[in-house]
Amino acid sequence: MPAQVKIILSAEEKKRLHKNVASRKTPVRLVERSKIVLLAAKNIPNYEIAEELNIDVNKVGRWRNRFAQKRFEGIEKDLPRGANHGGKNSTEQAKLRSKIIKKTTSSKPERATHWSTRSLAKQLGINHSFVNRVWREVGLKPHLTEQFKVSNDPNFEEKLRDVVGLYLSPPNNAIVFCVDEKSSIQALDRTQPGLPMKPGRCGTMTHDYKRHGTSTLFAALNILTGEVIGQCKKRHRHQEFLAFIKSVEKQTPKELDLHLIVDNYATHKHEKVKNWLKRNKRVHVHFIPTSSSWLNMVERFFGLLTEKQLRRGIFTSVKELEETIMQFIERHNESKKPFVWTKSAEEILVKVGRAREALLYQQSI
């Protein structure tokens with residue numbers, strides 16, 4: 001426990017301390033410290049001050065001593081934690097910080113895939129709170145991972161420029177649609193009813209469920225207006241895809257060309273689909289690069305559908321599921337708003353280039 005010192009206040013100091021306590025603009029920590037000093041000036045022991053203010057007795061002794069040494073400068077500002085105090089700027093801690101960062105990023109613990117604050121602290125013989133502080137300061141999160149996939153499509157750049165060009169500079173007298181399927185959407189019913197949300201508790205639902213079948217949503221997103229054309233079908237074959245794009249073609253003005261952005265799924269390249277496209281010259285298909293679903297903006301709509309309607313939805317039949325999906329599309333179209341593509345092909349290529357260099361570097365280690 002810090003030594004107890006005697007404090008004698010001048011009239012001016014008393015006035016200033018009382019002003020700190022009374023003012024609503026004074027920071028809470030300074031109000032507390034001012035009260036400590038005022039009580040200490042009455043020769044009240046530290047343990048009694050701690051009991052009266054409901055704080056730790058060591059804290060009382062610390063601020064009592066600091067005021068005795070530096071007066072108001074000692075309580076108005078936190079003292080810097082230098083080398084003698086084990087502060088973050090000390091040589092020892094700087095070395096330890098570097099060791100924590102290196103250990104976290106370049107090694108793994110035994111029988112585990114990543115470090116925790118406690119496992120690393122135990123390995124280094126230090127406090128886990130310090131490990132946690134270093135991780136937060138430099139942005140290390142060993143418990144988290146992000147997924148990625150760099151396309152190996154030999155025509156990546158060509159396809160990328162083609163699709164991004166449609167987004168940023170769509171052709172005149174034409175409509176551009178992003179087309180894709182959200183397949184195997186399950187009609188899930190919970191085995192027990194969930195509990196509603198209330199203050200202090202989030203809503204709940206059981207982890208297990210009953211399956212009532214699946215459906216596939218075919219969707220075409222108009223990049224100019226944000227409107228979505230959708231159809232639910234039982235199967236996911238070239239027959240269903242061809243029927244869907246025929247329906248989209250019929251719903252667009254005949255004098256406009258139709259540009260469809262699709263992925264490389266086999267149903268999109270079926271011979272019957274190709275033959276239909278040859279007969280319908282105003283319909284043009286643009287394929288995104290392999291493993292680049294992020295390039296198809298209809299995926300953003302699928303994300304909204306999943307987040308707002310499907311993930312927590314309860315469906316007792318496929319029919320109920322499909323009706324819910326179509327109602328969601330109708331509501332979306334009532335207040336439709338286009339998704340805006342902002343990245344140029346050059347910016348994307350630079351980022352993909354960095355990712356490939358990083359992968360090559362990891363493979364060479």
Side-chain angles (χ1 to χ4, degrees), residues 159 163 166 174-189 211-223 225-254 256-311 313 315-333 336 339:
K159 294 178 180 178
V163 174
L166 290 173
I175 301 178
V176 180
F177 281 102
C178 292
V179 180
D180 203 359
E181 305 89 16
K182 185 173 180 62
S183 60
S184 301
I185 306 173
Q186 298 188 77
L188 301 179
D189 185 15
R211 293 187 178 92
H212 294 288
T214 63
S215 181
T216 293
L217 170 63
F218 289 78
L221 170 70
N222 187 325
I223 69 164
T225 65
E227 182 179 5
V228 174
I229 299 173
Q231 292 181 1
C232 290
K233 298 181 181 294
K234 296 187 183 302
R235 303 185 67 178
H236 185 201
R237 304 170 301 171
H238 75 273
Q239 292 96 321
E240 286 76 20
F241 174 71
L242 184 56
F244 176 67
I245 61 174
K246 286 180 179 179
S247 174
V248 173
E249 191 267 341
K250 289 179 181 178
Q251 296 180 54
T252 56
K254 298 298 181 182
L256 299 178
D257 283 346
L258 206 59
H259 293 265
L260 308 180
I261 297 172
V262 300
D263 63 20
N264 289 274
Y265 194 61
T267 58
H268 303 160
K269 299 179 178 181
H270 193 275
E271 194 64 31
K272 290 186 178 180
V273 176
K274 292 180 179 179
N275 291 336
W276 183 84
L277 290 172
K278 289 178 181 178
R279 296 193 301 270
N280 293 267
K281 301 297 183 180
R282 79 184 190 101
V283 182
H284 310 274
V285 173
H286 305 261
F287 292 98
I288 63 173
T290 305
S291 305
S292 301
S293 59
W294 49 268
L295 195 53
N296 195 331
M297 284 202 289
V298 75
E299 294 290 345
R300 185 67 189 92
F301 172 76
F302 288 158
L304 290 177
L305 173 64
T306 301
E307 177 187 352
K308 296 181 179 295
Q309 194 69 67
L310 300 179
R311 183 170 289 130
F315 311 103
T316 58
S317 66
V318 173
K319 181 181 178 182
E320 183 181 358
L321 169 66
E322 293 179 345
E323 288 175 351
T324 301
I325 291 173
M326 298 311 297
Q327 289 170 4
F328 182 86
I329 293 175
E330 289 177 8
R331 290 195 300 271
H332 171 84
N333 290 338
K336 56 184 178 290
F339 300 111

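In this chain, numbering begins with 1 at the start of the sequence shown.
- Residue Gly226 comes nearest to Asn333 through the heavy atom pair O-OD1, 4.4 Å, listed as atom of the first residue, atom of the second, then distance.
- Scanning all heavy atoms of the two residues, the minimum distance from His238 to Thr267 falls at N-CG2, 3.6 Å.
- Aromatic ring orientation, Phe218 versus Phe244: tilted (interplanar angle from 30° to 60°).
- Separating the NE2 atom in His286 from the CG atom in Leu260 is a distance of 7.5 Å, to the nearest 0.5 Å.
- Nearest heavy-atom pair across Asn264 and Lys159 is OD1-NZ, 3.6 Å.
- Looking at heavy atoms from C-beta onward, Leu217 lies in side-chain contact with Ile329 at the 4.5 angstrom threshold.
- The distance from the CG atom of Leu188 to the CZ atom of Arg211 is 7.0 Å, given to the nearest 0.5 Å.
- Remark: Phe301 CZ to Cys178 SG distance equals 12.5 Å, nearest 0.5 Å.
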Glu240 vs Thr216, test: side chain to side chain contact (heavy atoms under 4.5 Å, CB included). Steps then yes/no.
CA-CA 10 Å; Glu240 286 76 20; Thr216 293; over 6 Å; no
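- A heavy-atom distance below 4.5 Å is not found between the side chains of Leu258 and His284.
- Without hydrogens or angle criteria, His270 side chain to Gln239 main chain gives no donor-acceptor distance under 3.5 Å.
- With contacts defined as side-chain heavy-atom distances shorter than 4.5 Å, the pair Lys182/Leu310 qualifies.
- Scanning both residues, His259 and Ala174, for their nearest heavy atoms gives CD2-CB, 3.7 Å.
- Inter-residue side-chain proximity for Val248 and Val179 is flagged as unmet; no heavy-atom pair is nearer than 4.5 Å.
- Judged purely by atom type and a 3.5 angstrom limit, Ser247 has no side-chain atom pairing as donor or acceptor with the backbone of Ile245.
- With sequence neighbours excluded, the residues that form a salt bridge (Lys or Arg N to Asp or Glu O under 4.0 Å) with Glu249 are Lys254, Arg282.
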How far apart are the C-alpha atoms of Glu322 and Ser215, what are their side-chain angles, what is the distance that settles it, and do they pass the side chain to side chain donor-acceptor pair (under 3.5 Å) test?
CA-CA 7 Å; Glu322 293 179 345; Ser215 181; 2.7 Å; yes
Pair Asp189-Glu320, side chain to side chain contact (heavy atoms under 4.5 Å, CB included): steps then yes or no:
CA-CA 11 Å; Asp189 185 15; Glu320 183 181 358; over 6 Å; no
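- With sequence neighbours left out, the side-chain contact (heavy atoms from CB on, under 4.5 Å) criterion links His268 to Asp180, Glu181, Phe241, Val262, Asp263, Tyr265, Phe287.
- With contacts defined as side-chain heavy-atom distances shorter than 4.5 Å, the pair Ile185/Phe315 does not qualify.
- Shown here is Lys269, whose NZ atom has more than 12 heavy atoms of other residues, nucleotides or ligands within 6.0 Å.
- Between Gln251 and Ile229 the shortest heavy-atom distance is NE2-CG2, 3.7 Å.
- Contact annotation: the side chain of Pro253 approaches that of Ile175 to within less than 4.5 Å [non-hydrogen atoms, C-beta and beyond].
- Atom-to-atom distance recorded for Met326:CE and Glu323:CD is 10.5 Å, nearest 0.5 angstrom.
- A 4.5 Å side-chain heavy-atom check between Ile261 and Val176 finds at least one atom pair inside the cut-off.
- Within 6.0 Å of NZ on Lys336 lie more than 12 heavy atoms contributed by other residues, nucleotides or ligands.
- Residues passing the side-chain contact (heavy atoms from CB on, under 4.5 Å) test with Gln309 are Leu305, Thr324, Phe328, Arg331, sequence neighbours excluded.
- Side-chain contact check for His236 versus Thr214: every heavy-atom pair is 4.5 Å or farther apart.
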